[in-house]
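Heads up: the structure comes next, in structure tokens.
Each ligand, and each atom within it, is numbered from 1 in the order the structure gives.
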Amino acid sequence: IVIDDAMEIKSFNIAASKILQVDLTKNKDKLLTSISKKNKLLTDFIRGIQEEIYAFGRKKQTEVIKEFEIKYENNNQVLLLQITPLPQNKLNNYVLMIDDITMMIQAQRDAAWSEVARRLAHEIKNPLTPIQLSAERIKHKLGAKLNKDDTDILNKAVATIVNQVDAMKTMVNEFSEYARAPKLNLELTDINKFIKEISHLFENSGIKIVTKLSKDLPEIRVDVNMMRQVLINLIQNAQDAMMNNTKKQIIQINTNKLKNHIILSIEDNGPGFSADILKKAFEPYVTTKSHGTGLGLAIVKKIIEEHEGAIAIENIKNSGALIKIQLPISKSK
Ligand SMILES: Nc1ncnc2c1ncn2[C@@H]1O[C@H](COP(=O)(O)OP(=O)(O)OP(=O)(O)O)[C@@H](O)[C@H]1O
Ligand SMILES: [Mg+2]
């Protein structure tokens, strides 16, 4: 946007309208302050610009760079504003360069958060095994010296320590998995064959896995270990969901080819996602299970996105949950 020192808008481009979420075409030659009438949330931002323009008049500086946060209802937008006086500034015009750096800031925050999480997980994990071993050791050393009642108490207490520490280990492992830096070991993989292998693992589990696998599926590049984790997580969820089924527990896994993608779907015949979970099931720590971490689907989504794929969940009327995964067919082989 170009403005003069009276804050009148002299010119602008479409990107400015987009970033500020106001139609600037109706604002040419009007005061910049008038756009905060259209988008009230910009009031502080516009006031900030005004202050800087006045400061230019006093200080004769060459440019100003400043960050602003606009608080929208669902998410905040971070704008980077650069004000530069136009050369041969007889008319006292200024160029306002506005960059939407929301995504960049978010990416930086995510990276920082992952790093902290990774270190924390590591630090927590280290002492867990010594705690377990020490508890066992106390049991063996003291067990023989105590009377029956005290031995019972000791055994119970040690069992609690060992079990709870085990639970903690699992939690920390999953947590560090969630915070893990993305690094995929991609191999050309026959997804149908891969699904068959995994469904074999569940052969004697009392659950029936039915597959309908497309015949014209090309091999795609995936990290097989990561994908195994995805499938096992989803099957485990389906299994948990169908626990109270009165009908036979059935998981249906299908594959299909759609344009440049492979679609992999997993359907169960449990009760489906409850309404409040459906909206946020992929968020970390969302769980309805007493012993769930709520990281299962968060990790699944992360892995799929690292494969440049997408995942969505829905409920099927009268029949349960449906998880749809889309994976790109590799361009180069
Ligand atoms: N197939 C499904 N049918 C119905 N609800 C599901 C299904 N899969 C997941 N959910 C719901 O989504 C929640 C989140 O699932 P997620 O896998 O992220 O965590 P979790 O299964 O609760 O914990 P964990 O994966 O650590 O065992 C579950 O608690 C459950 O309420
Ligand atoms: Mg789960």
Query raised in the report: Which of the numbered atoms in ligand 1 are below 4.0 angstrom from a heavy atom of A241?
Result: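 Close to A241: 2 (C), 3 (N), 4 (C).
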Query - Distance filter under 4.0 Å to D268 heavy atoms, resulting ligand 1 atoms - result: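 Atoms satisfying the 4.0 Å criterion: 1 (N), 2 (C), 3 (N).
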Query raised in the report: Should A298 be counted as touching ligand 1, given the test is an N or O pair under 3.5 Å?
Result: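 For ligand 1, there is no N or O atom that lies under 3.5 Å from one belonging to A298.
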Query raised in the report: Got an N/O contact under 3.5 Å between D240 and ligand 1?
Result: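 No - when backbone and side-chain N and O of D240 are compared with those of ligand 1, no distance drops under 3.5 Å.
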Please report which non-hydrogen protein atom sits nearest to [atom], along with the residue it belongs to and the distance in Å to one decimal place.
atom                    : result
atom 27 (O) of ligand 1 : G292 CA, 4.0 Å
atom 14 (C) of ligand 1 : V286 O, 3.2 Å
atom 23 (O) of ligand 1 : G294 N, 3.2 Å
atom 30 (C) of ligand 1 : T288 OG1, 3.5 Å
atom 21 (O) of ligand 1 : K289 NZ, 2.6 Å
atom 12 (O) of ligand 1 : I277 CG2, 3.5 Å
atom 8 (N) of ligand 1  : N237 CB, 3.3 Å
atom 10 (N) of ligand 1 : F273 CE2, 3.2 Å

Requested in this report: Give the single entry among G272, A321, G270 that approaches atom 4 (C) of ligand 1 most closely by any heavy atom.
Outcome: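 Going through G272, A321, G270 one by one, G272 has the nearest heavy atom to atom 4 (C) of ligand 1.
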**Report entry** Heavy-atom nearest neighbour of atom 24 (P) of ligand 1 within options T293, T170, L297
**Finding:**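 Ranked by closest heavy atom to atom 24 (P) of ligand 1, first place is T293.
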Does a sphere of radius 6.0 Å around [atom1] in [X] hold more than 12 heavy atoms from other residues, nucleotides or ligands, not counting ones at 6.0 Å or beyond?
X    : atom1 : result
K247 : NZ    : yes
K324 : NZ    : no
K141 : NZ    : no
K208 : NZ    : no

Is it the case that the side chain of [X] and the backbone of [Y] share a donor-acceptor pair, with hydrogens and angles ignored and the cut-off at 3.5 Å?
X    : Y    : answer
H307 : I303 : yes
N39  : L20  : yes
N245 : N269 : yes
S34  : K30  : no
Q326 : A310 : no

Query - Geometric class of the F45/F68 ring pair [parallel <30°, tilted 30-60°, perpendicular >60°] - result: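 Geometry flag for F45 against F68: perpendicular rings.
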Query raised in the report: Backbone or side chain, does N233 get an N/O/S atom under 2.8 Å to the Mg ion (ligand 2)?
Result: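 Short answer: no, not a single N, O or S atom is under the cut-off.
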